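Have a look at the structure below before the remarks.
We use all heavy atoms of the structure for the numbers below, so side chains are in, but hydrogens, waters and symmetry mates are not. So you know, we letter chains A, B, ... as the sequences are listed, proteins then strands, and number each from 1. Nothing here was measured: the structure is a model prediction, and the numbers come from that model.
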Number of protein chains: 2
Amino acid sequence: MDKSQWRVGELASRTGLTVRTLHHYDQIGLLRPSQRTMAGHRFYGREDIARLQQIRSLRQLGLSLQEIAVCLKRPGSSAKDILELHLTRLQEQIRLQQQLCRRLEALAERFGDSEGPSTDDLLKTIEVMTMFEKYITPEQMEKLDRRRVELGEEGIKAAEQEWPQLIAAMRAEMAKGEPPSERAQQLSRRWMELVSQFTGGDSGLAQSVRTAYEQEPGLATQFGLDGQLFAFVGKAYAAAKAGS
Amino acid sequence: MDKSQWRVGELASRTGLTVRTLHHYDQIGLLRPSQRTMAGHRFYGREDIARLQQIRSLRQLGLSLQEIAVCLKRPGSSAKDILELHLTRLQEQIRLQQQLCRRLEALAERFGDSEGPSTDDLLKTIEVMTMFEKYITPEQMEKLDRRRVELGEEGIKAAEQEWPQLIAAMRAEMAKGEPPSERAQQLSRRWMELVSQFTGGDSGLAQSVRTAYEQEPGLATQFGLDGQLFAFVGKAYAAAKAGS
DNA sequence: CTAGAACCTTACGTTACGTGAGATGCAAGC
DNA sequence: GCTTGCATCTCACGTAACGTAAGGTTCTAG
């Protein structure tokens with residue numbers, strides 16, 4: 001016949017919990033043993049075991065000890081409410097973590113194969129990503145993702161190679177002073193093409209990107225850009241359109 | 001022209017962090033301002049800002065402050081490794097949380113509409129679920145889920161209604177003593193049918209369930225079952241098969 | 001020169017325990 | 001009866017990343 005009293009150590013090893021955990025539950029009043037010896041040793045009875053089972057179950061569902069205490073204190077409708085609340089919180093958390101995961105995967109994809117000590121590049125890329133994400137809505141981000149898929153691996157690499165050249169060339173033209181030369185106007189056309197390729201012709205997105213560049217000077221300087229250059233490109237493109 | 005020194009408050013409001021956070025970063029050595037006034041007031045320079053940007057970026061990716069410190073201390077290949085490790089951890093976390101979510105959703109589905117103070121039932125169900133999950137692999141769990149979908153809403157309800165009746169009837173037969181009566185043999189056939197319906201004919205699953213019932217006496221008593229009854233059903237079914 | 005804002009340090013609170021430290025209890029063998 | 005060894009007890013600090021005072025000093029505008 002089974003005994004109906006257990007000491008902490010026995011209970012701990014039977015349930016897989018630790019003695020410290022049971023002490024803790026006792027301390028916060030979540031599970032106080034129904035009996036104590038004169039020396040203060042804890043003795044748990046059958047009802048304590050039952051309660052502990054419930055506690056473990058709720059714990060496995062991710063509830064906090066406080067929430068569990070509420071659930072067990074008033075077995076009214078509170079348990080259901082708490083579980084529902086918990087569920088929505090959990091779903092929201094998962095959503096956020098999945099977003100995070102996508103970002104990390106995007107990073108891994110870009111830097112998974114490069115062997116060199118590219119941590120600097122990595123940090124820069126992360127910075128650019130986070131800055132962008134401040135000004136761009138998730139929907140726009142998705143649009144950008146789809147756009148990237150459409151462009152394909154090579155398209156992206158090509159654009160990444162072309163941009164610095166284009167920026168350097170444009171800066172050289174700007175150094176020659178205004179009005180923008182014929183060459184500058186050609187470059188500005190290509191510039192706008194690349195921008196359009198990037199945004200997929202979404203003007204709202206283009207506007208958001210502009211705002212990001214305006215508000216975050218650090219972002220622009222990452223690519224050797226600044227307001228002056230933007231202004232020059234704008235003039236050159238206006239001249240190009242007027243000339244055509 | 002912008003100034004190149006900022007005080008904590010300014011930096012805090014510009015970055016959206018709190019003064020306390022910057023204090024904290026200073027305290028743990030993650031971001032120490034490059035200057036201090038004689039009175040001890042912190043002054044952050046451009047390079048501090050840059051570092052803070054990196055810190056914020058990595059923070060947004062979910063890295064711990066310690067990990068960030070490592071990333072920034074040795075810009076070797078450590079950053080990439082840490083990010084990859086972080087990604088795998090995150091994916092694992094998401095997986096676990098999604099499992100949890102499914103369980104909670106299953107609970108919500110069962111108890112979402114019942115208005116009464118069914119918290120007791122709720123707790124019992126949770127207990128049964130968690131006990132089962134101790135003995136059943138996730139694959140088997142999925143199999144059960146699919147099985148439930150196949151049975152449909154009504155099938156489940158019907159089985160839930162039938163089981164208690166069947167158990168009670170069987171217990172009555174057992175009280176009449178052995179050998180099992182004709183009626184008991186009939187009941188045992190139906191019993192096995194229901195079990196088979198539940199497990200979908202998966203013998204491994206049936207074995208796991210049996211193990212669960214054997215190892216967890218609390219589980220069986222939830223449904224008015226015990227070893228004696230199981231034994232009787234076994235005998236009755238054996239007699240039924242022998243008789244046919 | 002003074003009021004008020006900004007700043008400083010110190011330190012406790014948060015979660016669910018882990019990990020000792022030092023003291024005592026309990027059953028068994030001598 | 002006494003010791004040995006294991007189980008148990010009660011503090012009490014540590015964890016992560018800050019929040020939130022408390023109480024004192026410094027800066028800055030009027």
Euclidean distance, atom [atom1] of residue [X] to atom [atom2] of [N] [Å, nearest integer]:
| X | N | atom1 | atom2 | result |
| --- | --- | --- | --- | --- |
| B:I68 | D:dC18 | CD1 | C1' | 13 Å |
| B:L30 | D:dA16 | CG | C1' | 13 Å |
| A:I28 | C:dT14 | CD1 | P | 12 Å |
| A:Q27 | C:dT15 | CD | C1' | 13 Å |
| A:R42 | C:dG25 | CZ | P | 15 Å |
| B:M38 | D:dC27 | CE | C1' | 11 Å |
| B:Y44 | C:dC8 | OH | P | 7 Å |
| A:R89 | C:dT15 | CZ | C1' | 13 Å |

Donor-acceptor pair, side chain of A:T21 and main chain of A:L17, under 3.5 angstrom: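 No, because the side chain of A:T21 does not come within donor-acceptor range (under 3.5 Å) of the backbone of A:L17.
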More than 12 heavy atoms of other groups within 6.0 Å of A:Q5 CD: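 Yes, because the 6.0 Å sphere around CD of A:Q5 holds more than 12 heavy atoms from other groups.
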For [X] and [N], is the shortest distance between a side-chain N/O and OP1 or OP2 below 4.0 Å?
| X | N | result |
| --- | --- | --- |
| B:R59 | D:dC18 | yes |
| B:T21 | D:dA17 | no |
| A:H41 | C:dC26 | no |
| A:H23 | D:dC9 | yes |
| A:R36 | D:dT10 | yes |
| B:T18 | D:dG19 | yes |

Side-chain-base donor-acceptor pair under 3.5 Å for A:R20 and C:dT19: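 Checked by distance alone, the answer is yes.
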By side-chain hydrogen bond (donor to acceptor under 3.5 Å, both in side chains) - contacts of B:K134 (at least two apart):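 So B:K134 forms a side-chain hydrogen bond (donor to acceptor under 3.5 Å, both in side chains) with B:E216.
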Shortest side-chain distance from A:R7, nucleotide among C:dA16, C:dC7, D:dT8: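 That would be D:dT8.
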Listed nucleotide nearest any side-chain atom of A:A39, set D:dA7, C:dG25, C:dA16: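 That would be C:dG25.
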Sugar-phosphate only, base, or nothing, as touched by A:Y25 at under 4.0 Å among non-hydrogen atoms: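 It contacts sugar-phosphate atoms only.
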Residue met sooner reading DNA chain C from 5', once B:D26 and A:L63 are mapped to nucleotides: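 The 5'-side residue here is B:D26.
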Closest-nucleotide ordering on DNA chain C, the 5'-leading residue of A:Q66 and B:F43: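 Its nearest nucleotide being more 5', the pick is B:F43.
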Side-chain ion pair, B:E92 and B:R95, N-O less than 4.0 Å: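 The answer is yes: the pair qualifies as a salt bridge.
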Single hit among A:R59, A:K73, A:R89 for salt bridge (Lys or Arg N to Asp or Glu O under 4.0 Å) with A:E67: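 Of the listed residues A:R59, A:K73, A:R89, the salt bridge (Lys or Arg N to Asp or Glu O under 4.0 Å) partner of A:E67 is A:R89.
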